[in-house]
Peer 1: 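My structure is below; once you've seen it, I'll send some questions.
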Amino acid sequence: MYILKKYSTKNMLFWTAREIRFFVIWSTIVVILFDIVGLGWLQIPWTPLAMIGTAVAFLIGFQSNAAYGRIWEARKIWGGIVNDSRMFAIMAIDMISNEHAKVPLGDTDLKDLKRNVLYRHIAWLTALRYAMRAERPWESNKKAKSNRAWNDLLYIPEYKTPLDEELKELLAPDELQHVLSKKNIQTAVLKSQSSYLKNLKEKGYIWEFSFLELENKISDLITHQGKSERIKNFPYPRQFATIGYDFVNLFILVIPFGIIPEFSRLGMKFVEQYPVVGEYFAWFGVPFTALVAWVFNTMQRIGTVGENPFEGSVNDVPISTISNGIEIDLRQMLDEQDDQLPDPIPTRLDVQM
């Protein structure tokens, strides 16, 4: 999703506020144990810490690259949906006519046929985005406590309105009941669209060659749908995700035992010249520990949310906004007035959903 640059740091700090509090508290506990209680043996040499940190950095980099690849592929798929949706609508509007009709219709009735085709396409878009928002066992955005405060401030329409409420404005009651009875609703809508176009072809409102062109475009939409469903239903390999998560947490837990003793030793060099500063210099390890932990944790979380580009996190592909934009385009092609068009999906915290 798109986040304005000038607000990205502020939003990132808000997104990770829970973890930042933990890093500060944990490093403070280590300082108390090491510097006040006198447990000087609570320290780890830099060599094993550096080795762990290097391994974790490589793992996070691999995860981030893989996650970005999934996000970018998902964005290209939905970019294709945008282009093919517009082309399908243009073709349907131009190709539905009385030129080969067995029983010619009036302009109003012809417009109704075109509206039925375009509204059914919008219904497919709606069903597809709802399917992409459906929760999967491996997705963590809604489960993680650290995401709840942020998610409460965002507007994700698929979590606010039931699918049948959206579709009843686009499909006839009998057709709506039929598609809702299927497990894959979006496929059922495209099947219904194909049947409707075939019926128009048999009545002569679509020329046979034009019908084949529209069917080819439906085939392209099926391809986009299948690619999108593949990303949704095939998770980032869990062995890499789990190892990355565990290694980052392990590194965060042990990093204070290397940084704080180092700051304590530095403070001993300042005791004679700056007694107060030297005596409490170990406490400077708290913000530095929190900073290092925050960097590693944030990079790991960015990779984690990027694994699933449709679940509704701030880093996802904004499929709700994309679908909303396509719907507005298609309904404007039908010459609907501005007051008949859906409102644009609001952007909150400079995030598109």
Peer 1: Report yes if some heavy atom in the side chain of Lys191 is under 4.5 Å from a heavy atom in the side chain of Lys182; otherwise report no.
Peer 2: no

Peer 1: Examine Lys217 relative to Phe88 and say whether NZ or CZ is less than 6.0 Å from the centre of the six-membered ring and inside a 45° cone about the ring axis.
Peer 2: no

Peer 1: Looking only at heavy atoms, which two atoms of Pro157 and Ile345 are closest? And how far apart?
Peer 2: CG-CD1, 3.9 Å

Peer 1: Using a strict cut-off of less than 4.0 Å between a Lys/Arg side-chain nitrogen and an Asp/Glu carboxylate oxygen, indicate whether Arg133 and Glu311 qualify as a salt bridge.
Peer 2: no

Peer 1: Check the hydrophobic clustering (I, L, V, M, F, W, Y; side-chain heavy atoms under 4.5 Å; chains of links allowed) and say if Leu42 and Ile44 are grouped together.
Peer 2: yes

Peer 1: Parallel, tilted or perpendicular: which one describes the rings of His121 and Trp124, with boundaries at 30° and 60°?
Peer 2: tilted

Peer 1: Could you verify whether a donor N or O on one side chain and an acceptor N or O on the other, from His178 and Ser192, lie under 3.5 Å apart?
Peer 2: no

Peer 1: Give a yes-or-no answer on whether the side chains of Gln43 and Glu262 include a donor-acceptor pair shorter than 3.5 Å.
Peer 2: no

Peer 1: Could you tell me whether a side-chain N or O of Thr28 sits under 3.5 Å from a main-chain N or O of Val24, the two making a donor and an acceptor?
Peer 2: yes

Peer 1: Could you check if a side-chain atom of Asp246 sits within less than 4.5 angstrom of a side-chain atom of Leu250, using non-hydrogen atoms only?
Peer 2: no

Peer 1: What is the distance from atom CE of Met95 to atom CD1 of Ile206, rounded to the nearest 0.5 Å?
Peer 2: 9.0 Å

Peer 1: Applying side chain to side chain contact (heavy atoms under 4.5 Å, CB included), run through Val82 and Asp329 and close with a yes or a no.
Peer 2: CA-CA 10 Å; Val82 172; Asp329 287 345; 5.7 Å; no

Peer 1: Could you check whether Tyr196 and Asn116, counting side-chain N and O atoms only, form a donor-acceptor pair closer than 3.5 Å?
Peer 2: yes

Peer 1: Side-chain contact, heavy-atom cut-off 4.5 Å: Gln63 with Thr304?
Peer 2: yes

Peer 1: Looking at Phe288, I'd like to know if its CZ atom is crowded, meaning that more than 12 non-hydrogen atoms belonging to other residues, nucleotides or ligands lie closer than 6.0 Å.
Peer 2: no

Peer 1: Of all the heavy-atom pairs spanning Pro309 and Ala74, show the shortest one and how long it is.
Peer 2: CG-CB, 3.8 Å

Peer 1: How about Tyr155 and Lys160: do any of their side-chain heavy atoms sit closer than 4.5 Å?
Peer 2: yes

Peer 1: Tell me whether Asp343 at atom CG has more than 12 heavy atoms from other residues, nucleotides or ligands lying less than 6.0 Å away.
Peer 2: no

Peer 1: Within the side chain of Asn98, is there an N or O that forms a donor-acceptor pair under 3.5 Å with the backbone of Pro104?
Peer 2: no

Peer 1: Are Ile90 and Trp207 in one and the same hydrophobic cluster, where Ile, Leu, Val, Met, Phe, Trp and Tyr link if side-chain heavy atoms are under 4.5 Å apart?
Peer 2: no

Peer 1: If you take all heavy atoms of Val117 and Ala92, which pair is closest and at what distance?
Peer 2: CG1-CB, 3.9 Å

Peer 1: What distance do Lys114 atom NZ and Leu330 atom CG have between them, rounded to the nearest 0.5 Å?
Peer 2: 13.5 Å

Peer 1: Is the backbone of Val31 close enough, under 3.5 Å, to the side chain of Asp35 for a donor and an acceptor to pair up by distance?
Peer 2: no

Peer 1: Quick check: does any side chain N or O of Tyr205 sit under 3.5 Å from a backbone N or O of Val103, one acting as donor and the other as acceptor?
Peer 2: yes

Peer 1: What is the distance from atom CG of Leu118 to atom CG of Leu113, rounded to the nearest 0.5 Å?
Peer 2: 12.0 Å

Peer 1: For Asp316 and Gly312, indicate whether the former's side chain and the latter's backbone hold a donor-acceptor pair under 3.5 Å.
Peer 2: yes

Peer 1: Determine whether Gln300 and Phe296 satisfy the following criterion, side chain to side chain contact (heavy atoms under 4.5 Å, CB included), listing intermediate values before the conclusion.
Peer 2: CA-CA 6 Å; Gln300 191 272 334; Phe296 274 84; over 6 Å; no

Peer 1: How would you list, by chain and number, every residue that makes a salt bridge (charged side-chain N to carboxylate O under 4.0 Å, His left out) with Glu73, sequence neighbours excluded?
Peer 2: Arg230

Peer 1: Look up atom CG in Leu59 and atom OG1 in Thr54, then write down how far apart they are to the nearest 0.5 Å.
Peer 2: 12.5 Å

Peer 1: Same hydrophobic cluster for Phe257 and Phe284, using side-chain heavy-atom links shorter than 4.5 Å among ILVMFWY?
Peer 2: yes

Peer 1: What I want to check is whether the side chains of Asn308 and Arg136 have a donor and an acceptor closer together than 3.5 Å.
Peer 2: no

Peer 1: Is there a side-chain contact between Trp46 and Ile259, using heavy atoms and a 4.5 Å cut-off?
Peer 2: yes

Peer 1: Quick one: do Asp335 and Lys111 satisfy side chain to side chain contact (heavy atoms under 4.5 Å, CB included)? Show the steps, please.
Peer 2: CA-CA 10 Å; Asp335 296 323; Lys111 190 172 183 179; 4.3 Å; yes

Peer 1: For Phe211, does the CZ atom have more than 12 heavy-atom neighbours from other residues, nucleotides or ligands under 6.0 Å away?
Peer 2: yes

Peer 1: Flag the pair Tyr119 / Leu171 as yes when at least one side-chain heavy-atom distance between them is below 4.5 Å, and no otherwise.
Peer 2: no

Peer 1: Only counting residues at least two apart or in another chain, list the ones meeting side-chain hydrogen bond (donor to acceptor under 3.5 Å, both in side chains) with Thr187.
Peer 2: Asn184, Gln225

Peer 1: Do the side chains of Ile328 and Ile122 join up, straight or via other hydrophobic residues, at under 4.5 Å, putting them in one cluster?
Peer 2: no

Peer 1: Using only heavy-atom distances, determine whether the side chains of Glu215 and Ser219 contain a donor-acceptor pair under 3.5 Å.
Peer 2: no

Peer 1: Quick one, Glu336 and Gln332 - any side-chain contact, counting heavy atoms below 4.5 Å?
Peer 2: no

Peer 1: Should the heavy atoms of other residues, nucleotides or ligands under 6.0 Å from CG of Asn233 be counted, would the total exceed 12?
Peer 2: yes

Peer 1: Report whether Met51 and Phe247 are members of the same hydrophobic cluster (ILVMFWY, side-chain heavy atoms less than 4.5 Å apart, transitive linking).
Peer 2: no

Peer 1: Would you give the length of the straight line joining atom OG1 of Thr126 to atom CG of Leu163, rounded to the nearest 0.5 angstrom?
Peer 2: 7.5 Å

Peer 1: Given salt bridge (charged side-chain N to carboxylate O under 4.0 Å, His left out), test Glu158 with Arg129 step by step and report yes or no.
Peer 2: CA-CA 8 Å; Glu158 293 79 17; Arg129 64 181 169 88; 2.6 Å; yes

Peer 1: How close do Thr161 and Tyr130 get, heavy atom to heavy atom, and via which atoms?
Peer 2: O-OH, 2.5 Å

Peer 1: So, Lys232 side chain and Ala134 main chain: donor-acceptor pair closer than 3.5 Å or not?
Peer 2: yes

Peer 1: Please find the pair of heavy atoms, one from Thr289 and one from Gly285, that lie closest to each other, and give the distance.
Peer 2: OG1-O, 2.6 Å

Peer 1: List the steps, then state whether side chain to side chain contact (heavy atoms under 4.5 Å, CB included) holds for Ile322 with Ile81.
Peer 2: CA-CA 9 Å; Ile322 292 173; Ile81 290 175; 5.9 Å; no

Peer 1: Going by an N to O cut-off under 4.0 Å, is there a salt bridge joining Glu327 and Arg331?
Peer 2: yes

Peer 1: Does CD in Gln340 sit with more than 12 non-hydrogen atoms of other residues, nucleotides or ligands closer than 6.0 Å?
Peer 2: yes

Peer 1: Identify, with sequence neighbours excluded, every residue that meets side-chain hydrogen bond (donor to acceptor under 3.5 Å, both in side chains) alongside Arg120.
Peer 2: Glu175, Gln193

Peer 1: Mind listing the closest non-hydrogen atom pair of Ile185 and Val179 along with its distance?
Peer 2: CG1-O, 3.6 Å

Peer 1: Counting only heavy atoms not in Glu213, do more than 12 sit closer than 6.0 Å to its CD atom?
Peer 2: yes

Peer 1: State, yes or no, whether a side-chain contact exists between Trp283 and Val286 at a heavy-atom distance under 4.5 Å.
Peer 2: yes

Peer 1: Can Glu202 and Lys102 be counted as an ion pair, charged N to O under 4.0 angstrom?
Peer 2: no

Peer 1: What distance separates Ile96 CD1 from Leu200 CG, expressed to the nearest 0.5 Å?
Peer 2: 5.5 Å

Peer 1: Answer yes or no: is there a donor N or O on one side and an acceptor on the other, between the side chain of Trp78 and the main chain of Ile319, under 3.5 Å?
Peer 2: no

